[in-house]
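Atoms within a ligand are numbered from 1 in the order they appear, just like the ligands themselves. What you see is a predicted model, and the numbers here were worked out from it, not measured in a lab. What's counted below: heavy atoms across the whole structure, side chains too, no hydrogens, waters or symmetry copies.
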Amino acid sequence: MAAKHIILDTDPGIDDALAILLAAASPEIRLEGVTTVHGNASTERTTRNALAALELAGLTHVPVFKGCHAPLVKEPLLSPETHGTTGLGYAQLAEPLIQPQAGHGSDFLIEQIMARPGEVTLVAIGPLTNVALAIRKEPRIVQNVKEVFIMGGAILHPGNTTAQAEYNTFVDPHAAHIVFHSGMPMILTPLDVTYQCIFTKDDLNRLLNIASPITKFIADSTRFYMEFHDEYQSIDGCVINDPMTLALTFMPEICDYQNLVVDVDISTGVGLGNTFADFYNYEKKPKNMKVAMGVRPRIFMELFLERMEKLARRIS
Ligand code: BDR
Ligand code: CA
């Protein structure tokens, strides 16, 4: 199978950085570019972190474009309690030598999708601001993108930011609304599946059998992430949402899917950012996305661990 042309729209972020490492270790993926967005940290920080993670993974040839600094309507909401003030927990990556490209992330998305109609897979693992902006600037990307994998939402699972809202949809619900209603072919990875896959201390210890900057980074970043999960959610380990979303691009059998009508709440009440699916389709609307609702956790975790071991052996 030919490698997929992938653009990663991301807000690194510990699990975002792990997704970059997974991309580096996955021959099924040809990473055409990275666009950064506000979210887990400021866009300045997420851009720096994306560059540093790419450098760590040996992907210095991948162009990085800075995207939106703030949500479309709301104020930014960073997540230092989850990802640390730098966005990468306790990890300290060297100041990257590679620099972002000139130009805005949303324009890079448009340019790439329109240049290769039907060939570009977009993987959006942060708030959807860049993607929504790109749709508004060039609506034809909707017909020309191959598919969009989105990490976001909590369908039947509790939220991780408010009682029912997941972080990416809560931070920019208006962008999520534009994207969800765009007509793009979408595959959603909500908390319903990501929370079934816990990266444990045993998993980490397995990786630490290989001495490498890769395993050191994973240990230093996830130690912080595990402390957050323990303190806030009594979870022993951590949930690595973003690499799972990326993995579905080449190993869809990790999950079971339902075609659903999914919407996001943009009213100003307590439900802001909540995602919900009309399972019985009471409103008779066309299904707008494929949603991962079931998962085989160990298949994903084994894939992730094997790929990280492979990368760690390569970069030691
Ligand atoms: C999502 O929010 C961020 O904290 C993570 O990077 C992930 O993309 C999970 O809700
Ligand atoms: Ca993210």
Proximal ligand 1 atoms for [X], defined as those under 4.0 Å from one of its heavy atoms:
| X | value |
| --- | --- |
| N160 | 9 (C), 10 (O) |
| Y167 | 2 (O), 3 (C), 4 (O), 10 (O) |
| E166 | 1 (C), 2 (O), 9 (C), 10 (O) |
| D16 | 6 (O) |
| M151 | 1 (C), 7 (C), 8 (O), 9 (C) |

Taking both backbone and side-chain atoms into account, decide whether P12 has an N/O/S atom under 3.0 Å from the Ca ion (ligand 2). no

State whether D15 contributes an N/O/S atom found under 3.0 Å from the Ca ion (ligand 2). no

So, does T82 sit close enough to ligand 1 that a heavy atom of it is under 4.0 Å from the ligand? no

Please list the nearest protein heavy atom to [atom] with its residue and the distance rounded to 0.1 Å.
| atom | answer |
| --- | --- |
| atom 3 (C) of ligand 1 | N40 OD1, 3.3 Å |
| atom 6 (O) of ligand 1 | D15 OD1, 2.5 Å |
| atom 8 (O) of ligand 1 | D242 OD1, 2.7 Å |

Once rounded to 10°, what is the value of the angle centred on the Ca ion (ligand 2) between D16 OD2 and D242 OD2? 70°

Answer whether the closest heavy-atom distance between the side chains of R296 and I254 falls below 4.5 Å. no

Applying side chain to side chain contact (heavy atoms under 4.5 Å, CB included) between L246 and each of I29, L21, L18, I20, report the one that passes. I29

So among V239, D203, I240, which one has a side chain to side chain contact (heavy atoms under 4.5 Å, CB included) with I198? V239

Does an N or O from [X], backbone or side chain, lie closer than 3.5 Å to an N or O of ligand 1?
| X | result |
| --- | --- |
| I125 | yes |
| N241 | no |
| D11 | no |
| S79 | no |

Name of whichever N/O/S atom of D11 is nearest to the Ca ion (ligand 2): OD1

Does any N or O in the side chain of D265 come within less than 3.5 Å of the main-chain N or O of T275, such that one atom is a donor and the other an acceptor? no

Salt bridge (charged side-chain N to carboxylate O under 4.0 Å, His left out) between R307 and E28, intermediate numbers included: CA-CA 12 Å; R307 299 278 165 114; E28 300 88 346; 2.8 Å; yes

Please determine if D202 and R206 form a salt bridge, counting it only when a charged side-chain N lies under 4.0 Å from a carboxylate O. no

Please say which of T82, D15, D16 ends up in a side-chain hydrogen bond (donor to acceptor under 3.5 Å, both in side chains) with N40. D16

Qualifying residue, where the test is side-chain hydrogen bond (donor to acceptor under 3.5 Å, both in side chains) with T121 and the options are E32, E147, K146: E147

Does K74 qualify as a cation-pi partner of F170, given the criterion of NZ or CZ under 6.0 Å from the six-membered ring centre and within 45 degrees of its axis? yes

Candidate pair D172 and T129, rule side-chain hydrogen bond (donor to acceptor under 3.5 Å, both in side chains), full reasoning: CA-CA 7 Å; D172 198 342; T129 322; 2.8 Å; yes

Please lay out, stage by stage, how D278 and K284 fare under the test salt bridge (charged side-chain N to carboxylate O under 4.0 Å, His left out). CA-CA 9 Å; D278 184 0; K284 304 278 178 277; over 6 Å; no

